[in-house]
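Reckoned from all heavy atoms, side chains included, excluding hydrogens, waters and symmetry mates. Sequence lines set the chain letters: A, B, ... in the order given, protein chains first and strands last, and positions in each chain run from 1.
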Amino acid sequence: MPELPEVETIARGLHKRVAGDQIDSVWIGRKPEPLKSPAAEIARTLERARIEYVQRVGKHIVLTLKSPKDSSLHQWIVHLGMTGRMLVGSADLEIAPHTHLIARLASGRELRFVDPRRFGRLEVRHDGFAGPGTEPLNISLEEFSALFHGRKAPIKGALLNQKLLHGVGNIYADESLFRAGVRPRRRAGSLTRAKLKKLHAGLQRVLKEAIAAGGSSVSDYVDAEGEEGFFQLKHRVYGRGGLPCRVCKTPITKIVVAGRGTHYCAKCQK
DNA sequence: ATACCGACCTGTCAGC
DNA sequence: TGCTGACAGGTCGGTA
């Protein structure tokens, strides 16, 4: 489901609602659960722990937990995959289909992980979590350029590679390439310094604008409060195949790059 | 090391 | 109305 702006929005919403609360007990659904850590380890780590804060790392939500025994810190890491949700609400709320984990909170509310498609993953760590790559919002132009140096993969594929930049997904890859005027199939290593500069700026700008808009709601995305984002209204190419380019009116082209639906303007992007 | 492609799942929607 | 197939915000592992 969500990319960096959506996960950022969800993490901020969760922080506001559950930081300071304590997890009293945990229910984990029947197998196969979407777990990267053993269910018993997740339950052991979550139960009785206090939620210190919630933040985003790449496309992961990281809940920092304080152990009731020795005050040590642990991380509960949630990846939402395509369709995952983290819902906070009253314990009376009906349990939605595909609910895989319920954390009962001392406040009487529940934090639930729901994921129909089960591409999401839950795990716990005890030694911190830095994510697979570099944060696109913080990266300097120099570091950014170095990531793509010598790469033969299409720039779109490189943008999606979480070991390089983490947090960029299909929507924001397409949108940032449009803003930079770069075709998705261009080899990453072939971008000129000027294009890299435009892509670096375009990516950071589109991510910041999307965060400010509460993310993009395509089909079913909602944040921790159940609110839709509205950045989808500002998409210039994503999901606009065949529609006129917002800049030059040329119909937007839709192709497949790196196995993903890819949208671009043949006139604005070279 | 790097890059591609299918697999993993369920839901939805267009077309017949 | 109902069936079928294509497609969907993501990642992973096997293969070349």
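Stem regions for DNA chain B, each three or more consecutive Watson-Crick or G-U pairs with both distances under 3.5 Å and listed by first number, read B:2-8 with C:10-16, B:10-16 with C:2-8.
The minimum heavy-atom distance linking A/Pro132 with A/His60 is given by the pair CD-NE2, 4.2 Å.
The interatomic distance linking A/Arg121 (CZ) with B/dA7 (P) rounds to 17 Å, in whole Å. Per the geometry, CZ belonging to A/Arg187 stands 10 Å off P belonging to B/dA3, to the nearest Å. Between the P atom of C/dC7 and the CD1 atom of A/Ile171 lies a distance of 18 Å, rounded to the nearest Å. As a whole-Å value, the separation of A/Asn161 CG from B/dC4 C1' is 13 Å. As rounded to whole Å, 17 Å separates atom P of C/dA8 from atom CD of A/Gln232. Remark: P of B/dC8 and CG of A/Leu35 are 19 Å apart, rounded to the nearest angstrom. A straight line from NE2 of A/His263 to C1' of C/dA8 spans 11 Å, rounded to a whole angstrom. To the nearest angstrom, C1' of B/dC9 lies 5 Å from CZ of A/Phe119.
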Each nucleotide N or O in nucleotides 11-15 of chain B that has a protein N or O under 3.5 Å away: list the pair and distance.
unit_1: B/dG11; atom_1: OP1; unit_2: A/His98; atom_2: NE2; d: 2.7

Could you list, one pair per line, each protein nitrogen or oxygen that sits under 3.5 Å from a nitrogen or oxygen of nucleotides 11-14 of chain C, together with the distance?
unit_1: C/dT11; atom_1: OP1; unit_2: A/His79; atom_2: NE2; d: 2.7
unit_1: C/dT11; atom_1: OP2; unit_2: A/Lys59; atom_2: NZ; d: 2.6

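Ion pairing of A/Glu123 with A/Arg125 is present here, as a side-chain N (NZ or NE/NH1/NH2) and a carboxylate O approach within less than 4.0 Å.
Backbone-only contact: A/Arg151 has heavy atoms under 4.0 Å from sugar-phosphate atoms and none from a base. At the heavy-atom level, A/Tyr238 lies under 4.0 Å from the strands shown only through sugar-phosphate atoms.
Screening residues 131-140 of chain A for side-chain hydrogen bond (donor to acceptor under 3.5 Å, both in side chains), with sequence neighbours left out, gives A/Arg56-A/Glu135, A/Glu135-A/His166, A/Ser140-A/Glu143.
Checked against side-chain contact (heavy atoms from CB on, under 4.5 Å), A/Glu52 has the following partners two or more places apart in sequence or in another chain: A/Arg50, A/Thr64, A/Lys66, A/Leu73. The salt bridge (charged side-chain N to carboxylate O under 4.0 Å, His left out) check on A/Glu142 picks up A/Arg193, with sequence neighbours excluded. A/Glu209 pairs by the side-chain contact (heavy atoms from CB on, under 4.5 Å) definition with A/Arg179, A/Arg205, A/Phe231, not counting sequence neighbours. For A/Glu110, the salt bridge (charged side-chain N to carboxylate O under 4.0 Å, His left out) partners at least two apart in sequence or on another chain are A/Arg112. Listed by chain and residue number, A/Met82, A/Thr83, A/Asp115, A/Phe119 satisfy the side-chain contact (heavy atoms from CB on, under 4.5 Å) test with A/Arg117 (two or more places apart in sequence, or in another chain). Shown here are the side-chain contact (heavy atoms from CB on, under 4.5 Å) partners of A/Ala188, two or more places apart in sequence or in another chain: A/Phe148, A/Arg151, A/Ile155, A/Ala158.
Contact annotation: the side chain of A/Lys270 never approaches that of A/Lys195 to less than 4.5 Å [non-hydrogen atoms, C-beta and beyond].
Using a 4.0 Å cutoff on non-hydrogen atoms, the parts of residues 152-159 of chain A near DNA chain B are A/Lys152, A/Ala153, A/Pro154, ordered by number.
Remark: side-chain polar atoms of A/Glu3 are paired, donor with acceptor, to backbone N or O of A/Ile171 under 3.5 angstrom. Without hydrogens or angle criteria, A/Arg121 side chain to A/Ile77 main chain gives no donor-acceptor distance under 3.5 Å. Counting only distance, with no hydrogens or angles, the side chain of A/Gln55 and the backbone of A/Ala11 share no donor-acceptor pair below 3.5 Å.
For B/dC8, the OP1/OP2 oxygens have no side-chain nitrogen or oxygen of A/Arg118 closer than 4.0 Å.
For A/Arg117 against B/dC9, a side-chain N or O and a base N or O form a donor-acceptor pair under 3.5 Å.
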Using a 3.5 Å cut-off and no angle test, enumerate the donor-acceptor pairs between side-chain atoms of residues 262-269 of chain A and protein atoms at least two apart in sequence or in another chain.
unit_1: A/Thr262; atom_1: OG1; unit_2: A/Lys156; atom_2: NZ; d: 2.9
unit_1: A/Thr262; atom_1: OG1; unit_2: A/Arg260; atom_2: O; d: 2.9
unit_1: A/His263; atom_1: ND1; unit_2: A/Asp174; atom_2: OD2; d: 2.8
unit_1: A/His263; atom_1: NE2; unit_2: A/Gly239; atom_2: N; d: 3.4
unit_1: A/Gln269; atom_1: OE1; unit_2: A/Cys265; atom_2: N; d: 2.8
unit_1: A/Gln269; atom_1: NE2; unit_2: A/Leu177; atom_2: O; d: 3.4
unit_1: A/Gln269; atom_1: NE2; unit_2: A/Val182; atom_2: O; d: 2.8

